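One structure is given below, encoded as structure tokens.
None of these values were measured; they are calculated from a predicted model.
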Amino acid sequence: MELQCGLCDHQYSQPRVLSCLHTYCLSCLETLVKKQDREGEVCCPVCQQRTLLPSSDPSTLPSDPIAGMLLEVKSVEAGAVTCTSCEENSSAVCRCLDCAAFLCSNCQGAHRFMKCFKSHRLVELEKLSIGDLASPVKLLTCTKHDGEALEFYCNTCDMLVCLKCTAIDHRMTSHQYVYINDAAAVMKERLLYLLENGRKRSEDVRVQLLHMEEKIDHVQVEKTRVKGEVDKVFHTLLTKLEDRQEEMRQDVETLYQRQQQFLNTQGKSLQYDEERLQAGTRFVEKLVTYGSTSDLLTCGKLVTSQFDLLFKQCTGNDMKSSGEVGVSVDYHTFSNLLNRIQIKIKTVPKIGVSSPVTMAACSLGAESRDAVVTSPPLKEQFSPSSSKSNVSEERTFGKGNDTASMDVTELHKVGSFGKRVEKSGDSPHIGCIAVGANGNIYVLDTYSWLVQVFDKEGKYRFKFGGRGQSPGQLQRPVELATSTKGYIAVRESTTDRIQIFSDTGQFIFKFWLHSVHKPRSMVIDRKGRFLVEDVGKGRFPHGVVIYNSDGKLLTKIQCTEISKLSVNRYSLAISAQNQLLVVDHRANCVQVYSEEGRHLRTIHPRCSRLDIRGIIMDQNKLILILKNRVDRDSWYIGGLVVMAKDGTVLDKFKFPEKVVTHVALTHEGCPLAVLLGSSDIHVYGSIHTK
């Protein structure tokens with residue numbers, strides 16, 4: 001690994017880490033701060049990212065624990081290690097793995113004969129391996145309570161604490177803390193997730209950079225070609241056009257210089273993005289591989305903040321063609337030719353990584369066995385279409401349906417994946433499933449009060465939430481909603497509170513539902529506003545309550561066209577035009593309102609009677625969720641109906657199982673379903689391809 005500072009080209013001396021995860025010597029950073037003369041910040045000379053430095057003192061920056069460890073390794077190899085346990089500065093002869101200290105011969109003798117060091121492990125320098133230095137048990141001591149080891153990690157305060165701290169300043173009644181080993185295990189899982197995504201983003205940027213280089217070469221070729229066309233045109237116009245010819249050549253040169261300058265600027269930006277992503281992944285890889293538990297917790301928040309910033313900044317549009325450049329001549333209007341010959345070129349759009357951003361976060365807590373994924377792999381599951389089997393035994397969707405006019409396609413199950421079991425004896429309690437803007441699948445576990453996250457292939461990624469009263473912890477969660485902007489909202493039943501998380505599970509903020517007396521369905525519109533359906537209670541009218549993106553109450557839309565709102569979930573949806581669609585379960589229709597609350601129209605399915613339970617918007621089409629009555633008192637989800645905006649029924653699907661309790665739709669149009677009493681999420685073939 002490199003131990004050379006990028007500023008002085010010498011071996012690191014007191015290495016410090018910037019927020020971009022680039023490491024430099026402390027003395028080099030002090031010189032850089034004076035040279036840049038930026039108040040309260042320093043700019044990285046490699047990637048140009050700014051790091052806040054309120055005191056303008058680089059010594060306040062965090063140390064690079066991995067670089068420091070490797071410097072120790074190099075010192076051991078060179079035989080230039082002094083005792084770190086006493087003040088004699090004598091040559092070290094061994095290392096105590098429990099104290100994480102080098103010992104001289106005198107300190108070695110004390111360690112061997114004093115009872116308090118009886119269990120400590122001493123290794124002579126000649127026998128010392130890199131593993132002994134890479135993973136020492138660093139028992140940090142508390143700054144408030146002398147001699148007390150920092151054995152716990154407080155989730156509420158985001159800091160290491162000792163046993164006395166837990167009894168005085170961090171009591172269990174208002175703080176949540178765990179052992180540092182458990183906290184480090186969760187942080188390591190989160191960092192590994194960031195590492196994996198960082199590598200993918202870095203590869204995406206590298207590919208875009210290669211495309212950019214090809215684009216720049218293409219610009220040179222096109223410049224030559226267009227110049228040739230200009231020469232040919234002006235050769236036809238003979239001497240009268242020679243002056244104009246030279247002018248046009250200059251125009252071409254100027255335009256392509258601007259275009260090339262524009263592309264070079266974007267290419268440089270991509271290089272900075274690649275360098276920042278590579279620096280981050282290198283740092284996390286070293287930290288995860290060689291860092292101790294305290295290293296993971298000390299640097300984990302810094303790494304998470306940097307990757308959140310990188311995933312937001314290293315994005316852009318897909319690279320598109322800049323268009324063909326040519327010269328057109330109107331020979332019939334020769335007198336106006338000089339003014340009509342023009343060079344037209346389209347502006348090249350900004351180029352960047354277009355893949356969506358995922359972060360990871362985990363709540364602190366123990367986990368048991370891995371999620372179970374059944375064959376075939378979900379990468380193959382999310383592409384096949386539904387099996388087209390016109391069954392003769394039709395299941396009744398609601399009451400009195402006549403399905404003779406259209407065949408009902410039975411959805412073909414292509415696989416499943418399992419909810420992660422937190423501990424032995426846990427019961428399956430899936431309360432809700434939702435698909436995020438990044439394609440991840442969010443599963444609400446109402447038994448453990450947490451949200452588990454799976455990627456689009458069904459692989460378990462991480463979890464967040466958990467029982468508790470601290471910000472980010474949940475109290476009887478009942479519903480999930482995802483936003484096109486990437487964040488996730490969780491509604492709680494006992495507190496009438498909604499908590500907002502990033503797509504990586506990071507807590508953002510919370511707000512309480514005001515003017516809502518009996519909340520049911522919840523959605524987030526394209527403006528980031530929160531809409532909650534209020535069934536009403538007593539003298540309070542039913543309707544839809546709207547909050548802005550900060551959780552402040554805006555208005556309440558009274559749905560007077562509906563006699564009684566449904567108590568079922570999925571009865572509220574948002575169209576691409578930001579119109580509200582509310583299910584009228586008694587009239588078996590959908591009422592449409594503007595975002596200001598004005599009633600626009602009523603959509604009646606142009607089909608025999610359907611018993612509508614809910615609605616999902618997908619690709620500008622309405623997906624009706626139908627009821628299935630199993631017995632006198634039991635109603636479940638029976639199937640899906642694809643319907644156009646005018647009410648024309650385009651397709652009908654039914655689930656092969658009779659006790660479907662929850663349903664969602666992936667971006668590929670694959671239904672996800674949860675069965676009664678099951679901890680598995682079933683995946684079916686896409687409904688888009690019929």
As a quick check of understanding, evaluate salt bridge (charged side-chain N to carboxylate O under 4.0 Å, His left out) for Arg38 and Glu41, giving each step before the final call. CA-CA 6 Å; Arg38 294 171 177 259; Glu41 65 179 24; 3.2 Å; yes

Salt-bridged, Lys35 to Glu30, with N to O below 4.0 Å?
no

- Should the pair Phe454 and Phe417 be assigned to parallel (<30°), tilted (30 to 60°) or perpendicular (>60°) ring geometry? tilted

Interatomic distance, OG1@Thr156 vs NE2@His170, rounded to 0.5 Å, equals 9.0 Å

Counting only heavy atoms not in Tyr179, do more than 12 fall under 6.0 Å of its OH?
no

Exam field: side chain Thr482 to backbone Val435, donor-acceptor pair closer than 3.5 Å:
yes

Review point. Can the positive tip of Arg461 be found less than 6.0 Å from the middle of the six-membered ring of Tyr193, inside 45° of the ring normal?
Key: no

For the backbone of Arg199 and the side chain of Thr281, can you confirm whether one donor and one acceptor N or O come within less than 3.5 Å of each other? no

- Query: Do His662 side-chain atoms and Ile430 backbone N/O form a donor-acceptor pair below 3.5 Å?
  - Reply: yes

_Ring-plane angle category for Phe464 and Tyr442, please: parallel below 30°, perpendicular beyond 60°, tilted otherwise._
perpendicular

Hey, does the side chain of His10 reach the backbone of Cys8 with a donor-acceptor pair shorter than 3.5 angstrom?
yes

Practice task
Could you walk me through whether Thr298 and Asp295 pass side-chain hydrogen bond (donor to acceptor under 3.5 Å, both in side chains), step by step?
Solution key: CA-CA 5 Å; Thr298 303; Asp295 294 336; 5.5 Å; no

Under 6.0 Å between the ring centres of Phe501 and Tyr487?
-> no

Open item on the list: Check whether Asp445 reaches the backbone of Trp449 with its side chain - one donor and one acceptor, N or O, closer than 3.5 Å.
Closed with: no

Heavy-atom nearest pair, Met522 first then Leu480, reads CE-C, 4.0 Å

Residues 468-493 vs salt bridge (Lys or Arg N to Asp or Glu O under 4.0 Å), sequence neighbours excluded, gives Glu479-Arg491, Glu492-Arg497

**Asked** Within the side chain of Thr84, is there an N or O that forms a donor-acceptor pair under 3.5 Å with the backbone of Phe102?
**Response** yes

_Side chains of Leu302 and Leu21, heavy atoms from C-beta outward: is any pair under 4.5 Å?_
yes

Donor-acceptor contact present, side-chain Thr289 to main-chain Glu285, <3.5 Å: yes

* Asked: Run the side-chain hydrogen bond (donor to acceptor under 3.5 Å, both in side chains) check on Arg201 and Gln278 step by step: do they pass?
  -> CA-CA 9 Å; Arg201 292 297 176 85; Gln278 288 183 352; over 6 Å; no

Looking at Gly472, is its backbone amide N or carbonyl O close enough to the side chain of Gln499 to form a donor-acceptor pair, meaning the two atoms are under 3.5 Å apart? yes

Taking only distance into account, with no hydrogens and no angle test, what donor-acceptor pairs under 3.5 Å do side-chain atoms of residues 59-70 form with protein atoms, sequence neighbours excluded?
{"residue": "Ser59", "atom": "OG", "partner": "Asp57", "partner atom": "OD1", "Å": "2.8"}
{"residue": "Ser59", "atom": "OG", "partner": "Asp57", "partner atom": "OD2", "Å": "2.6"}
{"residue": "Thr60", "atom": "OG1", "partner": "Asp57", "partner atom": "O", "Å": "2.7"}
{"residue": "Ser63", "atom": "OG", "partner": "Arg16", "partner atom": "NH1", "Å": "3.1"}
{"residue": "Asp64", "atom": "OD1", "partner": "Ile66", "partner atom": "N", "Å": "3.2"}
{"residue": "Asp64", "atom": "OD1", "partner": "Ala67", "partner atom": "N", "Å": "3.2"}
{"residue": "Asp64", "atom": "OD2", "partner": "Thr23", "partner atom": "OG1", "Å": "2.8"}

If you draw a 6.0 Å radius around CZ in Arg171, do more than 12 non-hydrogen atoms from other residues or ligands fall strictly inside? no

Between Val303 and the options Leu194, Leu195, Val17, the side chain to side chain contact (heavy atoms under 4.5 Å, CB included) test singles out Leu194

* Answer yes or no: is there a donor N or O on one side and an acceptor on the other, between the side chain of Tyr272 and the main chain of Gln49, under 3.5 Å? => no

Query raised in the report: Is there a donor-acceptor contact under 3.5 Å from the side chain of Gln36 to the main chain of Cys43?
Result: yes

